[in-house]
*Asks:* 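A single structure is presented below for examination.
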Amino acid sequence: VAYSTRRMEVVHTMWREKIPATGVHLSTQCHFFSHKRIDLVVAQANQLTVFRVRKDARNSHLEEAASFPLQGVPESLASATLAGSPRDVLLLSFKEAKVSVVQYNPNTNDLQVHSMHMFEDEAVKGINPDYDVPPVIKVDPQNRCAAVLVYGQKLAILSFVSPLSPEDRRSRDKRTGKEEDEGDEDDDDDEEEEDTTIQAFSSHIVDLQAFAKPIRYVVAIEWLHGYHQPCLAVLHQTKPTWIGRMHYELDCSIVSALSINLQDTSRIPIIWEHDKLPNQSFDLVAPETPLGGVVVASSNAILHVDQAKEYGLALNSFASSSTTRNLQQQDGLQPFDLHAAHWDFVRPTDLLVSTSKGDIYLIHFIVSGGGLDYIACDKVASSVPASCVSSLGLSHVFIGCRGGNSQLLAVKEEFVETEVEGEEDDVQVDELEGLYGDEPEGKKKTKMVSMINLESCSFLTNISPFRDVCVGKTDTHPRSARGQLALVGSTGNGSKGTLSKIHLTLRPEVIIADESQLATTRTCWAVHCDSDSATFAEDGSQFHRYLVLSKANTTNVMKVMGDDFEDLLEAGFDTTHKTIFSGNLIDNEVVVQVTTKKIIFVHKEKRVFEQRVPKDVKVRSAAVSGSFLLLYLNTHNVEVYKALSTKGRYRLDPVWKSDTETEQRFCAATLFSDTSAFLQRFTEEELASARATATVPASLSEQVSQAVSATPSSVAPTTFEMDQKSDNDDDDDDDDDD
C-alpha cells in the first residue's frame with residue numbers, strides 16, 4: 001500500500017482486482033433463499049454467486065440473484081437441509097483443512113456464519129499427511145451429517161442432529177433457573193431455533209488407519225442411500241501404484257461401506273466391501289433407490305457395486321488391459337474415457353457424464369425386481385469441457401466450465417415406442433389375444449423406451465484462462481482520446497478459445513452525430529411497437545421501433561430502420577409540446593405519450609386514443625408497468641389508470657387516486673412490479689388499524705410540533721417553516737422542474 005503525497009489517499013499498487021472471476025469451478029443446487037425454489041450456487045474463484053432459473057414462454061435463462069466475496073478459494077461446496085430451518089446451509093472447505101458453514105440472512109442480505117471448523121493441528125495431520133488430497137465435503141442424503149476428507153487419511157464428521165430436544169431444553173432451563181417469557185412467544189421461538197442451530201454443528205475426527213483393517217490412501221468418499229444409519233462408502237487403495245507397476249498391482253482399489261454412529265463415533269463397523277477394483281478408479285457417485293449401491297468411476301470402465309453383487313461396463317478397448325475383471329461390452333458404443341470427467345444424476349437411473357473433451361453421455365442403469373440388469377451408454381450432445389455438473393431438479397442441468405462459457409441445459413424426457421424381442425412381461429400385448437388364441441402372425445412386440453434430450457438454454461460468459469493479452473487502438477470513437485485504446489486477450493481453451501475485447505466502462509456505438517439535433521434534447525425514450533410490425537432477435541426479444549426525443553418545447557420522433565433512423569412527422573405523436581414520458585402498454589400493443597396536458601395512445605403510427613387533464617392541472621411525471629399508467633400531477637396528487645382494449649377501442653379506467661386533503665403531499669411516485677413477493681399487500685381496514693396503533697406521527701406537522709415541544713427551555717426553539725406553495729406557483733415552476 002502506497003500513500004499519495006498530494007491528497008494522502010490510499011492507493012493499491014501491489015494488487016487490485018478489476019474484473020471478478022468468470023470461470024466456474026464448483027456448483028451445487030440449493031434452496032438458498034427459501035424451500036419454495038431451487039437455486040444454483042456457483043463458486044468462481046473467491047466469488048460465491050447465486051442464480052435463479054427464470055422461465056419464459058420460449059426459453060429458460062439464468063438470472064443472478066446475489067453475489068458474495070469470500071476470503072479464499074473454496075476447495076469443495078455442498079448444501080444441507082436442516083430440520084426447522086427456512087432455507088439450506090452451505091458448507092465450504094478451504095485449504096488445508098478448514099470448513100465454514102454459512103446461511104443466507106434475509107435481514108442483512110448477506111451470508112451468516114454458523115460455525116467454522118479447522119482440522120489442521122498436528123494430531124489430525126499425523127506422521128505423513130497427504131497435502132495433495134483436497135478437503136472434500138459430502139452430505140448425507142437424509143441431511144443427518146456431513147463428512148470431510150482430511151489429509152487423505154482421516155474423516156471429520158459434522159453432525160446436524162441436535163443432542164437435546166425442545167422439551168429437554170425447556171426442562172434444562174427450568175433446572176438452571178431460567179425463566180421463560182410466556183407473553184412473547186415469537187421471541188421464544190427465535191431463541192429456540194437459534195439454540196438448535198448452534199448445537200447442530202458438532203464435529204468428530206475418525207482415524208481410518210486405526211481400524212482393525214486399516215484404510216489408507218483414500219481416493220474418494222460418498223454417502224449411500226437407503227440405510228437406517230448414515231452409511232459412507234470409501235474408495236481407497238491397498239498400495240499406491242503407477243503405470244510402471246501395473247504388471248504387479250493391477251487391481252488394488254477397494255470400496256468399503258462404513259456405518260456411522262453419530263452418538264458414538266469410536267465404533268464404526270465395515271458392513272461390506274468390494275476389493276480388486278481397477279487401480280484407475282478415482283471417484284464415487286451414489287444413485288438413489290431402487291438402484292442403490294455406489295457407482296465406481298474408472299478411466300476406462302464404469303462399475304456398479306452394492307452389498308450383493310457388482311456389474312461393470314467397458315468404455316473403450318483399454319479397459320480389458322487395465323483390469324482383470326470381466327466387463328461387459330456394448331455394441332456400437334463410441335469409445336471414450338472418464339479421465340477428468342464430471343457427472344450427476346438427472347434421473348434416479350440416468351447418469352449424465354461430461355468428458356474432458358466436452359462430449360455429453362447418458363449412462364442408463366436398467367433395473368428390474370432383482371436389481372441391476374445391465375448398463376447402457378449413449379452420446380447425446382457436445383458441450384464445453386466441464387469442471388462441475390449439477391442437476392437442478394428434473395428439468396435442468398448446469399455444466400460449469402473454466403475454459404469456456406458455462407451452460408444451462410434443459411432436460412426433456414420423451415417416450416418412444418420401439419420393437420423388441422423379449423418375454424411377454426417386458427412388452428405390451430393384448431391380454432385377450434393371449435387368453436383366447438395365439439397371436440396373429442406378423443404382430444410385433446413393442447415397449448415404451450424413455451429418451452432424454454438436452455437443449456441449450458443459457459450460458460455464463462467466461463473470459464478465462466488468458467493465454468495472451470495486448471493493447472491496441474480502435475477507431476470506434478475517433479473523437480475520443482480515451483476511447484482509442486482497447487485491451488484484447490486470447491482467452492478460452494481448445495475449440496472454445498476466443499478473442500475477447502475487455503473494457504470496464506460502457507462504450508456505445510455512435511449512430512447519430514448531428515450535434516445540432518441532439519444538443520437541445522433533454523430526455524429520450526426507446527419504445528416498442530405492436531407485435532405484428534415488430535422485429536425479433538434470435539433469443540426472442542423484441543427490438544425497439546421508435547425513439548422519442550423531448551426538447552424544451554417540442555418533441556421529435558424517429559423510427560428505427562436497422563442501423564439508420566428516419567424522422568416521423570405524422571405518426572400520431574404530439575410533436576408541438578414537450579414529452580413528459582413515453583412507454584408501452586398492454587404488452588407493447590400501444591405506445592403511450594404523456595405531455596403536460598395530454599395522454600396519447602399510438603397504434604400502428606396512428607393516434608387511437610387521447611385524453612386531456614383538467615384545465616388547472618399539469619402532469620409532472622409518469623410511469624408504466626404492464627397495463628397500468630401512473631400520473632404525478634402538480635397538485636401533488638397521484639392517479640393510477642389501467643389501459644384496456646375492446647374491439648380496437650382503447651380507454652383508461654381509473655384505479656386509484658390520492659386525496660391531498662386527507663393524505664400527505666407526495667413529492668414523487670412510480671410503479672413497481674413485485675415479482676419476487678418482497679412487499680406485502682394490505683387492505684384499507686388493515687392500514688387503518690396499523691395507523692391507529694402506530695407510534696410514529698402520521699404527518700410531518702405532528703413531527704414538527706413534537707420536535708418543538710421537546711426542545712429544552714434553555715435552548716431557543718428552532719422554527720420550522722412548511723412549504724405551502726400554491727398550485728399557480730407550481731404551474732409557473734413546471735418548466736424549471738422538468
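No experiment lies behind these values; they were computed from the predicted model shown.
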*Asks:* Do Ser383 and Gln407 have side-chain atoms, one donor and one acceptor, less than 3.5 Å apart?
*Replies:*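 Present: a donor and an acceptor within the cut-off.
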
*Asks:* His236: what forms a side chain to side chain donor-acceptor pair (under 3.5 Å) with it, not counting sequence neighbours?
*Replies:*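 Checked His236 against side chain to side chain donor-acceptor pair (under 3.5 Å); matches are Ser256.
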
*Asks:* Within this structure, what is the NZ-CG distance for the pair Lys412 and Leu394, rounded to the nearest 0.5 Å?
*Replies:*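 So the NZ of Lys412 and the CG of Leu394 are separated by 15.0 Å.
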
*Asks:* So, using salt bridge (Lys or Arg N to Asp or Glu O under 4.0 Å) as the criterion, who are the partners of Lys379 when residues are at least two apart?
*Replies:* Asp359

*Asks:* Using the test salt bridge (Lys or Arg N to Asp or Glu O under 4.0 Å), find all partners of Glu222 that sit at least two apart in sequence or belong to another chain.
*Replies:*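 Glu222 satisfies salt bridge (Lys or Arg N to Asp or Glu O under 4.0 Å) with Lys138 only.
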
*Asks:* What pairs with Cys388 under side-chain contact (heavy atoms from CB on, under 4.5 Å), at least two apart in sequence or on another chain?
*Replies:* Val24, Ser27

*Asks:* For Thr498, give me all partners under side chain to side chain donor-acceptor pair (under 3.5 Å), at least two apart in sequence or on another chain.
*Replies:*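 Only Thr491 meet the side chain to side chain donor-acceptor pair (under 3.5 Å) criterion with Thr498.
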
*Asks:* Hey, can you pull the donor-acceptor pairs under 3.5 Å for the side chains in residues 94-102, sequence neighbours left out?
*Replies:*
from: Glu96; atom 1: OE1; to: Tyr151; atom 2: OH; distance (Å): 2.9
from: Lys98; atom 1: NZ; to: Lys95; atom 2: O; distance (Å): 2.6
from: Lys98; atom 1: NZ; to: Glu120; atom 2: OE2; distance (Å): 2.7

*Asks:* Classify the side-chain pair Glu64/Thr49 by whether it contains a donor and acceptor separated by less than 3.5 Å.
*Replies:* no

*Asks:* The criterion is ring pair (Phe, Tyr, Trp, His ring centres under 6.0 Å); which residues satisfy it with Tyr104, sequence neighbours excluded?
*Replies:* Phe32, Phe33

*Asks:* Rounded to the nearest 0.5 Å, what separates atom CG in Leu313 from atom OG in Ser298?
*Replies:*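 Leu313 CG to Ser298 OG: 11.5 Å, rounded to 0.5 Å.
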
*Asks:* Answer yes or no: does atom NZ of Lys357 have more than 12 heavy-atom neighbours from other residues, nucleotides or ligands under 6.0 Å?
*Replies:*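 Not buried by this count: 12 neighbours or fewer within 6.0 Å.
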
*Asks:* Is atom CZ of Phe318 surrounded by more than 12 heavy atoms (other residues, nucleotides or ligands) closer than 6.0 Å?
*Replies:* no

*Asks:* In terms of side-chain heavy atoms, does Asn462 have a donor or acceptor partner in Thr22 at a distance below 3.5 Å?
*Replies:* yes

*Asks:* With sequence neighbours excluded, tell me which residues meet side chain to side chain donor-acceptor pair (under 3.5 Å) with Thr81.
*Replies:*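 Side chain to side chain donor-acceptor pair (under 3.5 Å) list for Thr81, sorted by chain: Asp88.
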
*Asks:* With Asn46, which residues qualify under side chain to side chain donor-acceptor pair (under 3.5 Å), at least two apart?
*Replies:*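 Partners of Asn46 by the side chain to side chain donor-acceptor pair (under 3.5 Å) criterion come out as none, since no residue qualifies.
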
*Asks:* Please name all residues satisfying ring pair (Phe, Tyr, Trp, His ring centres under 6.0 Å) with His25, sequence neighbours left out, ordered by chain then number.
*Replies:*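 Testing His25 for ring pair (Phe, Tyr, Trp, His ring centres under 6.0 Å), a comparison that skips the adjacent residues, returns none.
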
*Asks:* Can you list everything that forms a ring pair (Phe, Tyr, Trp, His ring centres under 6.0 Å) with His31? Sequence neighbours excluded, please.
*Replies:*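 Counting only residues at least two positions away or on another chain, His31 forms a ring pair (Phe, Tyr, Trp, His ring centres under 6.0 Å) with His35.
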
*Asks:* Do side-chain atoms of Thr349 reach the backbone of His364 as a donor and acceptor pair under 3.5 angstrom?
*Replies:* no

*Asks:* Would you say the side-chain atoms of Ser85 pair up with the backbone N or O of Arg87, donor to acceptor, closer than 3.5 Å?
*Replies:*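 Yes, Ser85 side chain to Arg87 backbone: donor-acceptor pair under 3.5 Å.
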
*Asks:* Mind checking what makes ring pair (Phe, Tyr, Trp, His ring centres under 6.0 Å) contact with Tyr217, not counting sequence neighbours?
*Replies:* none

